[in-house]
Amino acid sequence: MKQTTRLYRFSCFEIQVEERRLLKDGNNLELGAKAFDLLVTLAENAGRLLSKTELLEAAWPNLVVEENNVNVQISILRKLLGAEAITTVFGSGFRFTPEVIFLTLQQNNDNVETVDVASVHPAMKIILVDDHSLIRDALRGVINELIQSATMVEAINGHQAHQYLEDDPNYHLIFLDLGLPDCDGFELLKKLRAQYPLISIVVISAEESREKIMNALNCGVVGFIPKTTAREVMVNAIRLILSGGTYIPPQSLMLGGTSPLST
């Protein structure tokens with residue numbers, strides 16, 4: 001009798017579904033039952049946005065539990081897999097970003113045979129919208145440092161950004177300059193949030209007044225990064241955003257008394 005085993009592989013990790021094991025470089029990692037259930041659901045839907053409701057049903061079927069249970073288990077997974085492995089889409093849910101290979105193995109008389117290898121899930125897809133090549137180059141360098149394999153395209157104005165999205169609306173993240181040559185940055189931001197509510201947006205701007213920062217946050221962005229930001233700070237800001245937090249520059253909060261980094 002043949003026994004089927006399902007495996008998900010990404011980076012240095014392997015999920016053995018039937019054995020309920022998570023391996024890193026071949027070594028077993030301790031992981032609770034609910035975190036494991038969520039991880040399997042995220043991996044089998046890699047690249048797709050999953051709502052908290054879907055994740056609750058995956059780990060707590062037929063039970064009524066608080067949504068914060070999902071946040072707790074996601075936090076555990078991020079500590080094991082890296083903060084960038086699971087991104088938060090503002091007000092919508094979570095997305096598993098690594099490239100995942102799904103394998104089905106069959107065992108017959110102690111012989112294991114690979115019978116199916118699924119296509120690799122798409123990598124995280126990002127649009128860099130800025131008319132200055134130096135800014136785009138800086139963003140690209142930071143993102144490549146933080147994410148193993150992201151697909152990035154560059155737009156020099158709002159029209160080009162719209163073209164990318166019309167051709168393929170399944171981007172995960174947009175870095176948006178407010179000072180574009182062909183349109184008002186805030187008007188474009190509002191249109192993008194209305195037309196593509198599942199895409200997270202980070203504002204990159206030469207203007208960093210408290211009013212503009214708060215206006216952008218009120219439009220639902222997941223971060224506001226001034227162009228004067230030092231590279232080390234930018235790396236930490238984008239790392240925070242990729243791990244599900246919101247980055248607010250410290251200068252905007254001097255009067256508010258709130259921490260500049262908020263999750």
Side-chain angles (χ1 to χ4, degrees), residues 5-103 118 120-126 143-151 172-173 198-200 202 222-223 235-247 261-263:
T5 300
R6 293 171 294 160
L7 303 176
Y8 292 98
R9 290 176 179 166
F10 56 95
S11 183
C12 58
F13 297 94
E14 178 176 284
I15 305 170
Q16 299 178 352
V17 180
E18 278 72 29
E19 291 78 5
R20 297 187 64 81
R21 297 172 64 196
L22 173 63
L23 307 180
K24 180 179 181 182
D25 295 323
N27 298 311
N28 190 51
L29 297 177
E30 294 295 328
L31 189 62
K34 299 305 180 185
F36 186 86
D37 291 339
L38 289 184
L39 177 58
V40 171
T41 301
L42 288 163
E44 67 187 11
N45 291 279
R48 186 173 79 83
L49 177 69
L50 293 174
S51 67
K52 282 189 176 181
T53 299
E54 290 176 279
L55 293 174
L56 283 169
E57 290 176 354
W60 295 272
N62 304 317
L63 293 177
V64 178
V65 297
E66 295 182 359
E67 288 189 353
N68 188 55
N69 284 285
V70 172
N71 296 334
V72 171
Q73 301 304 321
I74 291 292
S75 178
I76 292 171
L77 291 174
R78 282 174 172 153
K79 290 178 181 178
L80 287 175
L81 307 177
E84 297 80 29
I86 305 170
T87 61
T88 302
V89 177
F90 183 79
S92 299
F94 300 93
R95 180 181 283 117
F96 197 65
T97 60
E99 294 182 355
V100 178
I101 299 176
F102 172 58
L103 300 94
V120 177
H121 288 278
M124 190 173 191
K125 298 165 65 175
I126 301 172
I143 293 167
N144 281 331
E145 179 180 326
L146 295 174
I147 305 177
Q148 289 185 346
S149 43
T151 299
H172 305 128
L173 184 61
L198 300 184
I199 302 178
S200 298
V202 180
V222 295
V235 170
N236 290 330
I238 295 177
R239 178 181 288 114
L240 174 69
I241 291 164
L242 292 173
S243 66
T246 301
Y247 179 77
L261 301 181
S262 172
T263 58

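Treat the numbers as computed from the prediction; the structure is a model and nothing was measured.
Listed here is the closest heavy atom pair of Ala85 and Pro98: O-CD, 3.3 Å. Gly223 and Thr246 make their closest contact through N-CG2, 4.3 Å (heavy atoms, listed as atom of the first residue, atom of the second, distance).
With hydrogens and angles ignored, the 3.5 Å screen pairs a side-chain donor or acceptor of Glu18 with a backbone N or O of Arg6. With hydrogens and angles ignored, the 3.5 Å screen pairs no side-chain donor or acceptor of Thr88 with any backbone N or O of Phe94. A donor-acceptor contact shorter than 3.5 Å links the side chain of Thr97 to the backbone of Glu84.
If you take CG on Leu50 and CZ on Arg95, they are separated by 9.0 Å, rounding to the nearest 0.5 Å. Rounding to the nearest 0.5 Å places CG of Leu49 at 9.0 Å from NE2 of His172. Interatomic distance, CG of Asn68 versus CD of Gln73, reported as 10.0 Å (0.5 Å rounding). Rounding to the nearest 0.5 Å places NZ of Lys125 at 13.0 Å from CG of Leu173. Here the CG-CG distance, from Leu22 to Asn27, works out to 11.0 Å after rounding to the nearest 0.5 Å. The CD atom of Glu145 lies 7.0 Å from the CZ atom of Arg239; values are rounded to the nearest 0.5 Å.
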Evaluate Val70 against Val65 for side-chain contact (heavy atoms from CB on, under 4.5 Å), listing each step before the verdict. CA-CA 9 Å; Val70 172; Val65 297; over 6 Å; no
Which is it for Val202 and Ile238 under the side-chain contact (heavy atoms from CB on, under 4.5 Å) test, yes or no, and what are the steps along the way? CA-CA 9 Å; Val202 180; Ile238 295 177; 6.0 Å; no
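Between Val100 and Ile15, every side-chain heavy-atom pair lies at or beyond the 4.5 Å cut-off. With contacts defined as side-chain heavy-atom distances shorter than 4.5 Å, the pair Leu56/Leu63 does not qualify. Considering only heavy atoms from C-beta on, Phe102 stays 4.5 Å or farther from Glu44 through its side chain. Side-chain contact check for Glu19 versus Thr5: some heavy-atom pair is nearer than 4.5 Å. For the pair Leu7 and Ile101, the minimum side-chain heavy-atom distance is 4.5 Å or more. Side chains of Val222 and Val89 form no contact here, defined as non-hydrogen atoms less than 4.5 Å apart. Residues Phe96 and Leu81 meet the side-chain proximity criterion, which asks for heavy atoms closer than 4.5 Å. At least one side-chain heavy atom of Arg20 sits less than 4.5 Å from a side-chain heavy atom of Asp37.
In terms of the side-chain contact (heavy atoms from CB on, under 4.5 Å) criterion, residue partners of Leu23 (sequence neighbours excluded) are, by chain and number, Glu14, Gln16, Arg21, Asn28.
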